[in-house]
Amino acid sequence: MADDSDAEKTEPASPRRLEKAREEGDVPRSREIATFTVLMTAGAGLWMTGGSLIGKLEQAMQSGLSLSRDQVYNPSVLIERITTDLVAVLLACLPLAGLIMLVALASPLLIGGWNFSSKAFMPNFMKLDPIKGIGNMFSTNALIELLKAVAKTLVVGAVAWVVIMSQKDAVIGLAVEPLNAGSAHVGELVAKAFLFITGALGVIAAIDGPWQLYHYHDKMKMTRQEVIQESKESDGNPQIKGKIRQMQREMARGRMMQNVPTADVIVTNPTHYAVALKYADGQKGAPRVVAKGVDEVAAKIRELGLEHKVTMLEAPALARALYKHTDIDEEIPEKLFSAVAEVLAYVYQLRAYKKGEGNYPDRPTKLPVPAEMDPNDPAYKGPGANNGLLQ
């Protein structure tokens, strides 16, 4: 058999294949979404806590630059002072850093979800294959990544250029502004530029996310042979399973045929269907179907019935209704009680006649079978209505 090529991978990836890929650490990922979420979080965090953070950093800087003579010439005191200032800086930055770290850890949930695989840490010497590496450099995916990087550079560069040129006069005017007002103005300009540039990255992330999902599922596609092989591995060989089901049907049919000689009556259709009923005196519940079948199975039931002298009655509508609405060893439906009661009454009278008791009974011809129970009746609304399959 020829090797399956990518062009032949037309079947969607099965759940088992996707799960196996996750176990190996292969899940869809978008670096653009992760970058955008982290940058937006950093920007929002600076926007909300920037004033407090700058104040604390200013205090730490003033403290670090305000040293007495004793502190300068006493190493232990100097180290303690520096340590205190560093701790103050770290505590000031901790809320923003913690928020950024939390978002960085949560960003994979947007595409691919969290996934930890020990197999990803195992050395894979196939990745050191230079021929395969060169092939990957000139693959379609490498070309798309190159185009994406160029597009990202152009978009971000264009947005940054537009923002800077639109604020050119304001930037030049910073030189003549007072220190406090100028510092605030610088912060405003930087925040505005950051907002626009990050927004451009958001557009790229919105395109990259769906593309990564499409590329991943396209990469995971399977050939028809792979689907068949996986089905064999997970569910067993279909031919063997079919053989087992056939043997099970034959065994069930054999058990069913053993019940035919014990039946009280066999209702026929007259050649297509045969249903064997049994009702023992004193038993609880309604009569039960002990055997049923169509065509060849029905012929076998009739043959066994004749061999064991089981009474047979031609009643097409009742045979169709019993076959359609009752399974093996199941009681007949309540709506068929009256019709089956007439049949059993005929059977018991016929038995009495054969013993020399009473007259030969009239064969029932118009049994009260409800129209909604007969699949061939126009009023039937159940499964297979008016499909013309029942004769």
Side-chain angles (χ1 to χ4, degrees), residues 22 25-67 71 75-118 120-121 145 148-149 152-153 155-157 159-160 163-164 167 170-171 174 179-209 212-213:
R22 289 189 68 87
D26 189 1
V27 293
R29 286 283 183 254
S30 173
R31 287 176 294 182
E32 310 306 330
I33 291 180
T35 302
F36 171 72
T37 54
V38 170
L39 287 177
M40 283 299 294
T41 301
L46 285 174
W47 186 275
M48 293 184 293
T49 64
S52 173
L53 179 60
I54 291 175
K56 293 179 180 179
L57 293 177
E58 184 179 356
Q59 292 176 3
M61 181 175 290
Q62 290 176 353
S63 176
L65 296 177
S66 302
L67 300 175
Q71 292 171 338
S76 60
V77 176
L78 181 61
I79 292 175
E80 181 180 355
R81 179 67 175 275
I82 294 174
T83 302
T84 302
D85 293 340
L86 287 176
V87 170
V89 171
L90 291 175
L91 291 176
C93 297
L94 185 61
L96 180 60
L99 179 62
I100 294 174
M101 183 178 296
L102 181 63
V103 171
L105 292 174
S107 61
L109 295 175
L110 297 175
I111 176 172
W114 282 330
N115 185 54
F116 177 81
S117 174
S118 59
F121 293 97
E145 290 296 324
K148 188 172 64 175
K152 182 167 61 174
T153 303
V155 170
V156 173
V159 171
V163 172
I164 292 174
Q167 301 295 325
V171 173
L174 291 174
L179 179 61
N180 291 337
S183 299
H185 197 182
V186 167
E188 180 182 347
L189 294 176
V190 171
K192 185 178 294 185
F194 180 87
L195 179 64
F196 279 100
I197 293 173
T198 307
L201 291 177
V203 174
I204 296 173
I207 298 173
D208 185 64
Q212 292 297 339
L213 287 174

Criterion side-chain contact (heavy atoms from CB on, under 4.5 Å) on V155 and V203, from CA distance to verdict: CA-CA 10 Å; V155 170; V203 174; over 6 Å; no
V163 and I197: CA distance, side-chain angles, deciding distance, side-chain contact (heavy atoms from CB on, under 4.5 Å) verdict: CA-CA 9 Å; V163 172; I197 293 173; 5.5 Å; no
L201 vs K152, side-chain contact (heavy atoms from CB on, under 4.5 Å): CA-CA, chis, key distance, verdict: CA-CA 8 Å; L201 291 177; K152 182 167 61 174; 4.1 Å; yes
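Pairing each heavy atom of P95 with each of A92, the nearest pair is CD-O, 3.5 Å. Smallest separation of non-hydrogen atoms from L96 and G45: CD1-CA, 3.7 Å. A205 approaches I33 most closely through the heavy-atom pair O-CG1, 3.8 Å. Across every non-hydrogen atom of T41 and V103, the tightest pair is OG1-CG1, 3.2 Å. Residue I111 comes nearest to G209 through the heavy atom pair CD1-O, 3.6 Å, listed as atom of the first residue, atom of the second, then distance.
Atom CZ of F194 has more than 12 heavy atoms from other residues, nucleotides or ligands within 6.0 Å.
The line from CD1 of I100 to CE of M40 is 12.5 Å long, rounded to the nearest 0.5 Å. The CD1 atom of I79 lies 11.5 Å from the CG atom of L86; values are rounded to the nearest 0.5 Å. Here CG of D85 is found 11.0 Å from CD of Q59. Values are rounded to the nearest 0.5 Å.
With sequence neighbours excluded, the residues satisfying side-chain hydrogen bond (donor to acceptor under 3.5 Å, both in side chains) with D208 are S30, K148, Q212.
Sorted by first then second residue, the side-chain hydrogen bond (donor to acceptor under 3.5 Å, both in side chains) pairs that include residues 87-110, not counting sequence neighbours, number zero.
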